[in-house]
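Protein chains get the first letters and strands the later ones, always in sequence-line order, with residue 1 at the start of each. Please read these numbers as outputs of a predicted model, since none were measured by experiment.
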Number of protein chains: 2
Amino acid sequence: MSDQASRATMRDVAALAGVSIKTVSRVVNTEPGVADAVRARVQEAVDRLDYRHHLGASNLRRGGGRSGLIGALLQDVSNSFSAALLRSLEDAARDRGTAILSASLDEEPDRERSLVHDLVTRRVDGLVLMPSTDRQDYLASEVRAGLPVVFVDREPRGVAADSVTVENFEGAQMGVEHLLAQGHRRIACLTDLAEIYTARDRRDGYVAAFRARGIRPDDQLSVLGLRGPAAAEAAVTHLLDLAKPPTAIFAGRNDLTQGAVRALQRRGLSQSVAIVGFDDFPLADLVTPALTVVRQDVGRIGRLTADLLMARLDGDTSPPQRVVVEPTLVVRGSGEIPPA
Amino acid sequence: MSDQASRATMRDVAALAGVSIKTVSRVVNTEPGVADAVRARVQEAVDRLDYRHHLGASNLRRGGGRSGLIGALLQDVSNSFSAALLRSLEDAARDRGTAILSASLDEEPDRERSLVHDLVTRRVDGLVLMPSTDRQDYLASEVRAGLPVVFVDREPRGVAADSVTVENFEGAQMGVEHLLAQGHRRIACLTDLAEIYTARDRRDGYVAAFRARGIRPDDQLSVLGLRGPAAAEAAVTHLLDLAKPPTAIFAGRNDLTQGAVRALQRRGLSQSVAIVGFDDFPLADLVTPALTVVRQDVGRIGRLTADLLMARLDGDTSPPQRVVVEPTLVVRGSGEIPPA
DNA sequence: TTGTATGCGTTATCAG
DNA sequence: CTGATAACGCATACAA
């Protein structure tokens with residue numbers, strides 16, 4: 001009927017049904033204490049006017065100020081890890097009628113701060129954060145004000161909050177030891193900026209694996225600050241051109257693994273240079289040779305994160321928890337290539 | 001300080017600063033007409049109390065009822081296509097200070113209806129929908145009430161709305177013709193339920209490619225209703241056991257391609273059975289042989305979708321647009337294997 | 001069983 | 001420049 005009319009309100013419905021606004025409220029919220037005849041009349045008016053409940057207004061008036069919203073600030077919702085995490089959160093939130101506001105941080109600290117501010121402004125009931133900042137002191141006031149925050153993949157610094165992380169150090173050490181055990185000594189190490197929590201830990205794990213055997217890695221073979229597959233591909237290509245090229249590669253994140261594999265394939269070396277990657281990804285088993293990886297169970301991480309947050313939403317005020325998930329080595333072939 | 005206190009409101013700030021609530025409002029919204037000294041005093045009170053603006057209340061009072069929210073109902077935010085789409089939307093929305101509520105439909109019609117209802121209840125300003133329903137008549141009242149809706153990947157039925165889709169029929173025909181041109185005749189066709197818009201079109205394109213050459217595909221080689229990689233893997237394994245197995249495979253969606261490849265690898269047939277998949281995905285070039293696919297440019301689709309929605313949000317009331325994107329054939333190897 | 005008055009946190013209006 | 005008052009759409013307390 002109407003053209004660009006705004007939505008009908010309870011008042012409109014009340015007028016059409018010839019009842020008070022409060023009665024409409026009762027019908028809409030399926031509260032008891034309304035005569036069937038009246039209920040039917042109101043319902044009809046609701047249908048006629050295409051009335052839709054206004055959750056925002058409702059929540060405003062209701063005490064507690066719950067919005068039924070949670071925020072999820074992840075690294076990049078289009079990468080498989082963040083995406084799988086988001087999906088886990090969604091599944092956990094669905095039953096509670098909670099919706100999810102998601103956004104990507106791309107490792108940009110400013111974006112994190114501005115997005116957190118935006119979410120607070122929208123009065124999210126809780127927040128899942130995979131931080132891009134080094135420290136999160138700025139969150140203290142929000143936490144103090146009662147905002148439940150759960151960190152994923154990286155531990156909080158400067159603020160007390162729950163976290164679900166992976167044993168990056170141990171995982172990396174395990175992956176690199178797997179290569180060392182087969183006789184590799186010239187093992188390249190690809191990681192992102194040392195400022196990034198996980199990248200630093202994994203790099204340290206790489207070094208520790210050597211140390212445990214009383215040896216040291218060649219510094220020339222460590223490349224830091226790699227921001228994506230293209231950078232990893234270029235770095236590996238360069239390493240292969242060295243006088244003494246690496247016989248194996250440890251890649252500190254799945255996108256770097258992908259870039260490294262691409263470089264090896266272009267050089268026809270995928271069957272002769274071993275590679276172990278941190279973080280599994282779809283199709284890692286279909287590459288030739290199938291990729292040996294240190295796997296972090298994303299589904300589990302997501303579920304644990306959701307559980308922690310939901311418990312907080314339900315009023316759990318126990319001290320912050322640090323949940324740490326152990327990664328596992330998935331042997332598929334690429335990591336079992338012997339040194340030349 | 002406080003323990004589980006609720007957020008400070010403008011009233012609290014006003015009291016602490018010794019001004020009226022309206023003055024606080026002016027400062028918070030950086031409106032002109034406030035003396036610098038007063039502004040500073042208010043700002044200090046804001047900081048002291050950790051006051052945060054309440055966007056919901058603000059929007060309620062402001063006319064128009066804009067929430068600064070858009071909803072994105074996609075097939076599954078954890079699959080690469082939906083995830084990339086979500087990211088495109090996010091990038092487009094960021095500049096406008098618009099946040100995104102995302103959810104996965106998993107091809108479940110009921111979930112679509114209930115989630116749309118939920119989003120309307122939250123007063124999203126616009127909606128991006130990759131429908132799981134066959135018809136969307138139920139959306140008519142929302143559209144009439146002024147909710148801008150843009151369909152992605154699948155065209156609307158029963159409601160007038162913008163859409164961005166891919167030429168599924170032509171794309172499938174192109175992919176299958178590519179196989180036919182190399183002499184393949186026993187070409188398997190893997191698709192999801194015929195009820196699904198894209199699946200049906202792609203299946204039709206497969207048949208059309210044969211027809212164009214005056215021949216007919218063997219019905220035995222068409223498998224419908226495949227709901228994921230595992231189903232595709234099982235189906236292909238079964239097909240390979242036929243007396244006259246297929247010499248090539250056309251897979252109607254990227255997850256089905258993955259399942260099919262897995263089946264071929266397990267049988268050691270990946271170098272002897274050709275395969276062309278619909279929809280590219282990360283790492284398709286790293287599989288051996290690299291996968292020949294019909295690619296739909298997700299970034300472009302996402303941008304077009306966002307552009308359409310944003311234009312509507314900005315008041316564009318022109319008739320609904322149907323934007324159709326042409327897929328391209330990406331030749332990489334798997335589709336160029338000749339028949340035995 | 002139904003309705004009236006009041007307030008959630010904010011902004012618009014208009015007066016001081 | 002600043003503030004009192006009403007109102008956004010709805011729910012709670014309390015009457016009737």
Notebook entry, point to check: So, is B:Ser20 near the phosphate of D:dA4, with a side-chain N or O under 4.0 Å from OP1 or OP2?
Noted result: no

Please write out each protein N/O paired with an N/O of nucleotides 12-14 of chain C under 3.5 Å, distance rounded to 0.1 Å.
from, atom 1, to, atom 2, distance (Å)
C:dA12, O4', B:Arg61, NH2, 3.4
C:dA12, N7, B:Lys22, NZ, 3.4

Notebook entry, point to check: Closest to the B:Met10 side chain: D:dG3, C:dC8, C:dT10?
Noted result: C:dT10

Notebook entry, point to check: B:Asn29 side chain: which of D:dC10, C:dT11, D:dC8 is closest?
Noted result: C:dT11

Note to self: Donor-acceptor check, side chain of A:Arg135 to backbone of A:Val159, threshold 3.5 angstrom: yes or no?
What the structure shows: no

Check: Who pairs with B:Ser88 by side-chain contact (heavy atoms from CB on, under 4.5 Å), at least two apart in sequence or on another chain?
Finding: none

Checklist line | C:dT11 phosphate, OP1 or OP2, under 4.0 Å from B:Ser25 side-chain N/O | finding: yes

Next item on the list: Among the candidates D:dC10, D:dG9, C:dT11, find the nucleotide nearest to the side-chain atoms of A:Ser58.
Entry: D:dC10

Checklist line | Atom pair CG (B:Leu308) and CD (B:Gln321), whose distance is rounded to the nearest 0.5 Å | finding: 5.5 Å

Check: Taking only residues two or more places apart in sequence, or in another chain, which ones meet A:Arg96 in a salt bridge (charged side-chain N to carboxylate O under 4.0 Å, His left out)?
Finding: A:Asp314

Notebook entry, point to check: Salt bridge between A:Glu107 and A:Arg154, side-chain N to carboxylate O under 4.0 Å?
Noted result: yes

Checklist line | Pairs satisfying salt bridge (charged side-chain N to carboxylate O under 4.0 Å, His left out), at least one member in residues 72-85 of chain B, at least two apart | finding: A:Arg87-B:Asp76

Notebook entry, point to check: At how many degrees, to 10°, do the end axes of the helix from C:dT1-D:dA16 to C:dG16-D:dC1 meet when each uses five pairs?
Noted result: 40°

Item checked: Members of residues 34-43 of chain A that approach DNA chain C, where some heavy atom sits under 4.0 Å away -> A:Val34, A:Ala35, A:Val38

Check: Excluding sequence neighbours, so at least two apart, what forms side-chain contact (heavy atoms from CB on, under 4.5 Å) with A:Ala84?
Finding: A:Val298

Margin query: Quick check on DNA chain D: between A:Leu55 and B:Pro32, whose nearest nucleotide comes earlier from the 5' end?
Written below: B:Pro32

Check: Between C:dT11, D:dC10, C:dC8, which nucleotide gets closest to the side-chain atoms of A:Leu60?
Finding: C:dC8

Note to self: I'd like to check the side-chain contact (heavy atoms from CB on, under 4.5 Å) partners of B:Thr121; sequence neighbours left out, ordered by chain and number.
What the structure shows: A:His53, A:Leu55, B:His117

Next item on the list: Taking salt bridge (charged side-chain N to carboxylate O under 4.0 Å, His left out) as the test, write out the residues that go with B:Asp162, two or more places apart.
Entry: B:Arg312

Next item on the list: Kindly write out the residues that satisfy salt bridge (charged side-chain N to carboxylate O under 4.0 Å, His left out) with A:Arg26, not counting sequence neighbours, or none if the list is empty.
Entry: none

Checklist line | B:His53 vs C:dT11: side-chain N/O to OP1/OP2 distance below 4.0 Å | finding: yes

Margin query: Using whole Å, what does the distance between atom C1' of nucleotide D:dC8 and atom CZ of A:Arg11 come to?
Written below: 9 Å

Notebook entry, point to check: Does any pair with a residue in residues 32-45 of chain B pass salt bridge (charged side-chain N to carboxylate O under 4.0 Å, His left out), and if so which ones, sequence neighbours excluded?
Noted result: none

Margin query: Near DNA chain D, counting only heavy atoms under 4.0 Å, which residues of residues 45-52 of chain B show up?
Written below: none

Notebook entry, point to check: For the atom pair CD (B:Glu142) and CG (B:Leu127), what is the distance rounded to the nearest 0.5 Å?
Noted result: 9.5 Å

Margin query: Could you measure the distance from the OG atom of B:Ser114 to the CZ atom of A:Arg94? Nearest 0.5 Å is fine.
Written below: 8.5 Å

